2 protein chains.
Amino acid sequence: MQAMLKALAEPRRVAILELLSGGEMRAGAIAEHFETTRPAISEHLRVLEDAGLVTQRREGTRRIYAVRKESFAELRRFLDRFWDDGLTRLKDAAEEEARARRRPRPR
Amino acid sequence: MQAMLKALAEPRRVAILELLSGGEMRAGAIAEHFETTRPAISEHLRVLEDAGLVTQRREGTRRIYAVRKESFAELRRFLDRFWDDGLTRLKDAAEEEARARRRPRPR
DNA sequence: CGCCTATGTAAGCAGATGCCTACGCTTCTG
DNA sequence: CAGAAGCGTAGGCATCTGCTTACATAGGCG
């Protein structure tokens, strides 16, 4: 769990997850979205995978990465321990998000 | 938001939040729960406060810290962006809890 | 095979970070 | 006011971490 939190501490890794939330991608394609070098992204992907936040599969010479969604459920459960009336606010958040979904520009 | 994630990357700070989830505490009392020195804890508390994860108030010469619960709601909303069916589950959990809450809640 | 493509790995460097000791600043208390 | 109590701050050090430039590895293709 701490590995997940450490992995999320790096903005670049969060950006990678945002990219992957749109669907799986291969390593090179991910790297092209950033100003940094490919090896740097490769390192980040390894950290994300070790933390269980992404999964990886090989396809020939390519490596396809995808968000491991269950990990976010685990994170949710973990964070709720610090939040005694969390379920009340959970409701609020859900309804607000649901409204935001229905309208493209809520604010 | 990234500040919150960075703050949570440190195990000691998570431990402090766990302590505070049981109720507010003064700085010295928090430090006594760890093997490390008081200034180290003071630093951690500053990081947690800057990140918005805890609040602080003064009481004479003492400083009382408490978890800022809304921050965990913010974290939840943030993390749900990576979890495409997260909103569905969020909504289900909220509605279930809303039904349970129609009865008076203990305090 | 020989070479190209797609990626991970290694070594080294610079900046960030956590911890420690020493010290400074408020707020009580007598 | 003087001293103590309760905490934050400063400076220094060791470690961690992310980035870059080579280099290694593995599969695909002629």
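In what follows, every chain begins at residue 1, and chains take the letters A, B, ... in the order their sequences are listed. Treat the numbers as computed from the prediction; the structure is a model and nothing was measured.
An end-to-end axis angle of 20° holds for the helix from C:dC1-D:dG30 to C:dG30-D:dC1, taken from five base pairs per end and rounded to 10°.
Heavy-atom nearest nucleotides on DNA chain D were determined for A:Gly60 and for B:Ile41, and the one closer to the 5' end corresponds to B:Ile41.
Listed nucleotides C:dC19, D:dG6, D:dT9 differ in distance to B:Arg62; the shortest reach to its side chain belongs to D:dG6. Side chain of B:Thr36, nearest nucleotide from C:dC19, D:dC7, C:dG18: C:dC19. Listed nucleotides: C:dT26, D:dG27, D:dC19. Nearest to the side chain of B:Thr61: C:dT26. The A:Thr37 side chain lies nearest to D:dT21 when the options are C:dC19, C:dT9, D:dT21. Here D:dC7 is the nucleotide among D:dT9, C:dA6, D:dC7 with the atom lying nearest to any side-chain atom of B:Ala27. Listed nucleotides: D:dC7, C:dT21, C:dA6. Nearest to the side chain of B:Pro39: C:dT21.
Dashed line: the shortest gap from a side-chain N or O of A:Lys6 to OP1 or OP2 of D:dT17 is under 4.0 Å. Considering only side-chain N and O atoms, B:Arg13 lies under 4.0 angstrom from the phosphate OP1 or OP2 of C:dG18. At C:dG8, none of the side-chain N or O atoms of A:Arg46 fall inside 4.0 Å of OP1 or OP2 (strictly under the cut-off). Using a 4.0 Å cut-off, some side-chain N or O of A:Tyr65 falls inside it from OP1 or OP2 of C:dG8. Proximity of A:His44 to the phosphate of D:dC19: a side-chain N or O atom is located under 4.0 Å from OP1 or OP2.
Look at CG on B:Leu45: it is 12 Å from P on C:dC19, rounded to the nearest Å. Following rounding to the nearest Å, A:Arg57 (CZ) and C:dA6 (P) show an atom-to-atom distance of 17 Å. The nearest whole Å value for the distance from the CD atom in B:Glu59 to the C1' atom in D:dG8 is 18 Å. Distance CE (A:Met25) to C1' (C:dA6): 14 Å, rounded to an integer number of Å. Between the CD1 atom of B:Ile30 and the C1' atom of D:dG8 there is a distance of 14 Å, rounded to whole Å. As a whole-Å value, the separation of A:Arg58 CZ from C:dT7 C1' is 9 Å. To the nearest angstrom, P of C:dT17 lies 14 Å from CG of B:Leu5. Rounded to a whole Å, the CD atom of B:Glu43 is 13 Å from the P atom of D:dG11.
Here the closest non-hydrogen pair linking A:Ser21 and A:Val67 is N-CG2, 3.9 Å. Listed here is the closest heavy atom pair of B:Tyr65 and B:Leu20: O-CD2, 3.5 Å. Summarising the geometry of B:Ala9 relative to A:Leu5, their closest heavy-atom pair is CB-O, 4.0 Å, with the distance given to 0.1 Å.
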Under the side-chain contact (heavy atoms from CB on, under 4.5 Å) rule, what do B:Leu75 and B:Met4 come out as? Steps first, then yes or no, please.
CA-CA 8 Å; B:Leu75 267 174; B:Met4 281 190 194; 3.8 Å; yes

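Within the nucleic acid shown, A:Glu10 comes within 4.0 Å of sugar-phosphate atoms alone, with no base atom in reach, counting heavy atoms only. Using a 4.0 Å heavy-atom cutoff across all strands shown, A:Arg12 reaches sugar-phosphate atoms only and no base atom.
Remark: A:Glu74 engages A:Arg68 in a salt bridge, criterion side-chain N to carboxylate O under 4.0 Å.
In terms of polar N and O atoms assigned as donor or acceptor, the side chain of B:Arg63 never comes within less than 3.5 Å of the base of D:dG6 in a complementary pairing.
One side chain, A:His44 or A:Arg13, offers a donor N or O that lies under 3.5 Å from an acceptor on the other.
By the salt bridge (Lys or Arg N to Asp or Glu O under 4.0 Å) test, A:Glu35 pairs with no residue at all, sequence neighbours left out.
Side-chain contact between A:Lys6 and B:Leu8 is absent, with no heavy atoms from C-beta onward closer than 4.5 Å.
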